[in-house]
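Ligands are counted one by one from 1 in listed order, and the atoms in each one are counted from 1 as well.
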Amino acid sequence: MPAPPPGEERPPERLDAFMARANAQYYATHPLLSDFITAPEISQVFGELLGAWAAMVWSSMGCPPRIILAEAGPGRGTLMADMLRLITSRVPAFAQVLTVHLVETSPLMQEAQAAALAPFLARFPNLSPVWHTTLESLPDGPLILVANEFLDALPIRQFLHTPEGWQEHYVQDGAFCLVPCPPPSLPDGRTLDPDYVVELCEPALDVARLLGRRFARTPGAALIVDYGHNSGLTGDSLQALRHARPAKPLEAAGEADLTAHVDFTAFAAAALHAGAEVWGTVTQGTFLRALGLMERTEQLAAQASPQDAATLRSAAHRLAAPEKMGHLFRVMALTSPSLPAPPGFDERTG
Ligand code: SAH
């Protein structure tokens with residue numbers, strides 16, 4: 001980001017405004033995965049299982065004759081391409097009634113997504129994607145939405161309970177400063193240590209409320225996969241990755257990927273209150289195994305060279321093993337209240 005002119009001090013900027021600005025610049029200028037790798041990029045099976053999940057949910061809705069398949073934050077388009085490969089080859093009746101909508105703010109990513117989905121368009125012109133910069137502009141109608149590592153990129157606010165009262169993190173000249181603020185709303189009955197950081201991701205709660213309201217009136221389901229917590233409070237989780245290494249979040253804004261853990265408890269409460277049914281979370285490992293991660297991996301491995309088979313098995317292990325991504329990443333589903341438990345879930349949250 002350009003430095004302010006000499007002699008001029010930049011005024012303090014609230015953390016969420018800083019994070020939004022820094023990430024918009026980061027995603028507009030950095031090819032994805034130069035600094036981190038995501039589940040769909042680790043194994044094609046991840047997207048195939050989510051494609052099968054979407055097809056089963058469509059069927060549980062009574063196979064509506066038109067349905068929107070949407071993805072929020074689709075990155076390089078790999079997840080949607082893997083979902084569509086599975087859907088077009090195994091469930092063509094579903095492929096024929098789909099329209100594809102991608103919620104993506106970065107023009108660089110939109111280009112990558114267009115290239116990833118181009119191969120499907122000759123046989124299924126209806127899969128030509130429509131881009132949005134916000135979920136609000138998705139058209140009405142039955143919807144199935146997936147989002148992998150989308151919510152963690154949305155800007156957060158941080159509050160501290162100091163001896164002088166509640167204060168909020170602002171950013172000035174690459175460092176935090178504190179600004180007095182009213183008390184944030186907290187999960188009931190919590191007492192906090194001094195200097196404990198409370199995080200709030202308002203755009204994530206807006207997503208939960210939007211989907212909740214929508215699913216209350218129109219059939220729909222959303223699958224959210226991300227790293228995060230279920231406890232409501234876990235302290236400071238803001239982190240930065242630059243050149244694939246942890247970096248200081250406030251330094252080199254726009255050059256690092258800034259993320260925070262998703263507060264699934266707050267997300268679920270907002271969605272439930274707005275009218276959705278909420279399922280999970282379950283861990284990513286449990287979810288992917290329930291959907292057939294190991295079986296599909298072995299099926300592919302049986303047709304692959306020994307070297308490719310080993311790569312496929314180690315990718316499945318990386319996605320599901322508790323000490324790898326299997327426990328840190330969690331999966332939550334939101335559905336219309338009239339729908340049955342979606343595949344991979346058997347417990348309602350609310
Ligand atoms: N889902 C992908 C990429 C995750 S990275 C994967 O699993 O590989 C986060 C993605 O969300 C990027 O595509 C980024 O450009 C996009 N993004 C970040 N903030 C966004 C916002 N506010 N609205 C829409 N997309 C956003």
*Is the closest heavy-atom distance from Thr105 to ligand 1 below 4.0 Å?*
yes
*asked:* For atom 8 (O) of ligand 1, what is the closest protein heavy atom, and at what distance to 0.1 Å?
replied: Thr38 OG1, 2.5 Å
*Find all atoms of ligand 1 within a distance of less than 4.0 Å from any non-hydrogen atom belonging to Gly75, and give their numbers and elements.*
2 (C), 3 (C), 13 (O)
*To the nearest 0.1 Å, how far is atom 13 (O) of ligand 1 from its closest protein heavy atom, and which atom is that?*
Glu104 OE1, 2.6 Å
*Under the salt bridge (Lys or Arg N to Asp or Glu O under 4.0 Å) criterion, do Glu13 and Arg21 qualify, and how do the steps go?*
CA-CA 10 Å; Glu13 189 178 20; Arg21 199 161 58 83; 2.7 Å; yes
*Looking only at protein heavy atoms, identify the closest one to atom 9 (C) of ligand 1 and say how far it is in Å.*
Glu149 O, 3.5 Å
*asked:* List the residues meeting salt bridge (Lys or Arg N to Asp or Glu O under 4.0 Å) with Asp16, not counting sequence neighbours, and say none if there are none.
replied: Arg14
*Hey, is the main chain of Glu136 close enough, under 3.5 Å, to the side chain of Thr134 for a donor-acceptor pair?*
yes
_Residue Met109 vicinity, atoms of ligand 1 by number, heavy atom under 4.0 Å_ = 13 (O), 15 (O)
*Region of Ala20 engaging ligand 1 - heavy atom pairs below 4.0 Å*: neither
*Given side-chain hydrogen bond (donor to acceptor under 3.5 Å, both in side chains), test Ser106 with Tyr26 step by step and report yes or no.*
CA-CA 9 Å; Ser106 156; Tyr26 175 79; over 6 Å; no
*Which of the ligand 1 atoms, numbered from 1, are nearer than 4.0 Å to a heavy atom of Pro40*: 6 (C), 7 (O), 8 (O)
Under 3.5 Å donor-acceptor pairs involving side-chain atoms of residues 45-61, not counting sequence neighbours:
residue, atom, partner, partner atom, Å
Glu48, OE1, Arg296, NE, 2.6
Glu48, OE1, Arg296, NH2, 3.3
Glu48, OE2, Gln44, NE2, 2.6
Glu48, OE2, Arg85, NH2, 2.9
Glu48, OE2, Arg296, NH2, 3.2
Trp53, NE1, Pro343, O, 2.9
Trp58, NE1, Pro64, O, 3.0
Ser60, OG, Val57, O, 2.8

*Decide yes or no on side-chain hydrogen bond (donor to acceptor under 3.5 Å, both in side chains) for Thr335 and Glu277, but give the supporting numbers first.*
CA-CA 5 Å; Thr335 65; Glu277 197 67 78; 5.9 Å; no
*Would you mind checking which non-hydrogen protein atom is closest to atom 7 (O) of ligand 1, with the distance to 0.1 Å?*
Asn148 ND2, 2.7 Å
*Considering the heavy atoms of Leu154, write down every atom of ligand 1 situated less than 4.0 Å from one of them.*
22 (N)
_Under 6.0 Å between ring centres: does that hold for Phe287 and Phe345?_
yes
*If you have a sec, work out which protein heavy atom is nearest atom 3 (C) of ligand 1 and how many Å separate them, to one decimal?*
Gly73 O, 3.4 Å
*How far apart are the closest heavy atoms of Ala222 and Leu211, and which atoms are they?*
CB-CD1, 4.0 Å
